[in-house]
**Q** 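Starting off with a structure, shown below.
The chains referred to below are lettered A, B, ... by the order of the sequence lines, with proteins before strands, and numbering in each begins at 1.
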Number of protein chains: 2
Amino acid sequence: MATRAKYHHGDLRTALVDAALELIAEHGLEALSVAEAARRTGVSAAAPYRHFPTRGDLLRAAAIRAAELLVTDLRAAVARATCPGEQLAETARAYVRFVIEHHAGLDLIFDARLRVGDQALAEAGRAVMNVLLPVAMDITGDAHAALDLLEKYTAAAHGYAALHLSGFLRGRAPEVETIADRAAEISAALTRAAGHSG
Amino acid sequence: MATRAKYHHGDLRTALVDAALELIAEHGLEALSVAEAARRTGVSAAAPYRHFPTRGDLLRAAAIRAAELLVTDLRAAVARATCPGEQLAETARAYVRFVIEHHAGLDLIFDARLRVGDQALAEAGRAVMNVLLPVAMDITGDAHAALDLLEKYTAAAHGYAALHLSGFLRGRAPEVETIADRAAEISAALTRAAGHSG
DNA sequence: GTCTATAGTAGGATAGAC
DNA sequence: GTCTATCCTACTATAGAC
């Protein structure tokens, strides 16, 4: 939405990925069309195919870019807090904001259909988890328990974001920050539970 | 998938809704096409439009049917358990199974785009919540806390189901029942948390 | 109530010019 | 590397016959 100055002068590929993320943010994964991405970057419908053989390849590239953006947001969230519990809560907030803003999150990054034979996407996904794992480990002390905590906490945060996007929570919690806080509360509850049984 | 005997002999409408749910179950909301639903019920592409003016109307009908099916499942889950905590856990399991089986849940039933001006869908959604609310009330004793618990617990269950569908959890928890158990665990953790602070 | 036929739209993808 | 032109496919929706 910001600077779209001298695109398609050497960096159409990046411009297309940006447009793809925009389209996904507006109407979800399925709404991504190569033609529309081309339109938005000011090139012909055929131009993208020089950079992405199929629609799936553009989608994959968008997923990788999303992973990179998410890593940035999560790292910032970790840095904002001091104790592990707060760090986890902050990443929960960050994740909720990310999913609501981009209309996609771990579901896109770890999409089973996209991952088939794509090493770069698998690597990007791993990078995301590598931000969260140490935080969870600091809380549980145990690797198995950390994965368990991570799984539950991502599920909760993702569910909150997904239900907000659909409209289910609009009545009770219309604001993004409210949703983010709720996810952080679950994170806190899970952190406490891990402290007892871990 | 079962009995498709003498359809389109008086009940094409129902057959189309069944087909619509099948399509959604297979490839998600966006994959629902009137043409394909017609094909599956053995009628021409034009036939559905006698029963549903637009694709959106078929989708709405499918959402209402989904709500009815979910109510049935949730009621059965409540009946399976005795104490409120177990009841909530059982409904969490039931919800996860439902979403994974139908590729849709509260997100479809409460979809903001579908609800515009549809009283029947709003009513169907309310019916779902009316199954869960008493259970939550039994746990918290307080209406506000009950809604809070309900919100958190549905978010967690929905997130688990959604992440499983996308493929994110396939590595660690490939089985539906494993996912259902995990959601039940969160439900239990939230029930305990509600007991402390509610 | 269902059919055939059809109009209109939109997207994925390729061929060949520049 | 991008363009124009084109093909093919699939879907929504309508008109009019039966």
**Q** Can you tell me the distance, in whole Å, between the CG atom of B/L16 and the C1' atom of D/dT12?
**A**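 For the pair B/L16 CG and D/dT12 C1', the rounded distance is 15 Å.
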**Q** Starting at the 5' end of DNA chain D, which residue's closest nucleotide do you reach first, A/A45 or B/A45?
**A** A/A45
**Q** Is there a side-chain contact between B/R50 and B/L12 in this structure, where contact means two heavy atoms from C-beta onward sitting under 4.5 Å apart?
**A** no
**Q** Could you check if a side-chain atom of B/L88 sits within less than 4.5 angstrom of a side-chain atom of B/L190, using non-hydrogen atoms only?
**A**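 No, too far: nothing below the 4.5 Å cut-off.
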**Q** Kindly state which residues belonging to residues 30-37 of chain A come within less than 4.0 angstrom of DNA chain D, counting heavy atoms of the residue only, listed by number.
**A**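 Nucleic-acid contacts, sorted: none.
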**Q** For the helix from C/dG1-D/dC18 to C/dC18-D/dG1, what angle lies between the axis at the first five pairs and the axis at the last five pairs, to 10 degrees?
**A**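 One end axis against the other gives 0°.
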**Q** Side chains of A/V17 and A/F52: closer than 4.5 Å at any heavy-atom pair?
**A** yes
**Q** A side-chain contact here means heavy atoms from C-beta on lying under 4.5 Å apart; do A/V34 and A/L16 qualify?
**A**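 Of all side-chain heavy-atom pairs linking A/L16 with A/V34, none is under 4.5 Å.
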**Q** Among residues 47-66 of chain B, which contact DNA chain D at a heavy-atom distance under 4.0 Å?
**A**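 Under 4.0 Å from DNA chain D: B/Y49, B/T54, B/R55.
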**Q** Is the side chain of A/Y95 donor-acceptor paired with the backbone N or O of A/L106 at a distance under 3.5 Å, no angle test?
**A** yes
**Q** Charged N to carboxylate O under 4.0 angstrom, B/E177 versus B/R93?
**A**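 Between B/R93 and B/E177 there is no salt bridge, as every charged N stays at least 4.0 Å from the carboxylate O atoms.
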**Q** Can you see whether A/D181 engages A/T178 through a side-chain donor-acceptor pair at a distance of less than 3.5 angstrom?
**A** no
**Q** Of the nucleotides C/dT2, D/dA15, D/dC3, which one has an atom closest to the side chain of A/A46?
**A** D/dC3
**Q** Does any part of the side chain of B/L69, heavy atoms only, come nearer than 4.5 Å to the side chain of B/D73, both counted from C-beta?
**A** no
**Q** Calculate the interatomic distance between B/H27 atom NE2 and D/dA10 atom P; express it in whole Å.
**A** 14 Å
**Q** Between B/R60 and B/R115, is there a side-chain heavy-atom distance shorter than 4.5 Å?
**A** no
**Q** Measure the shortest side-chain to side-chain distance between B/R172 and B/R182 over non-hydrogen atoms and say whether it is less than 4.5 angstrom.
**A** yes
**Q** One thing to verify: whether B/D148 and B/K152 come together as a salt bridge, which I'm taking to mean a side-chain N less than 4.0 angstrom from a carboxylate O.
**A**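 Result for this pair is yes, salt bridge flagged.
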**Q** Between B/R39 and D/dC11, is there a side-chain N or O to OP1/OP2 distance below 4.0 Å?
**A** yes
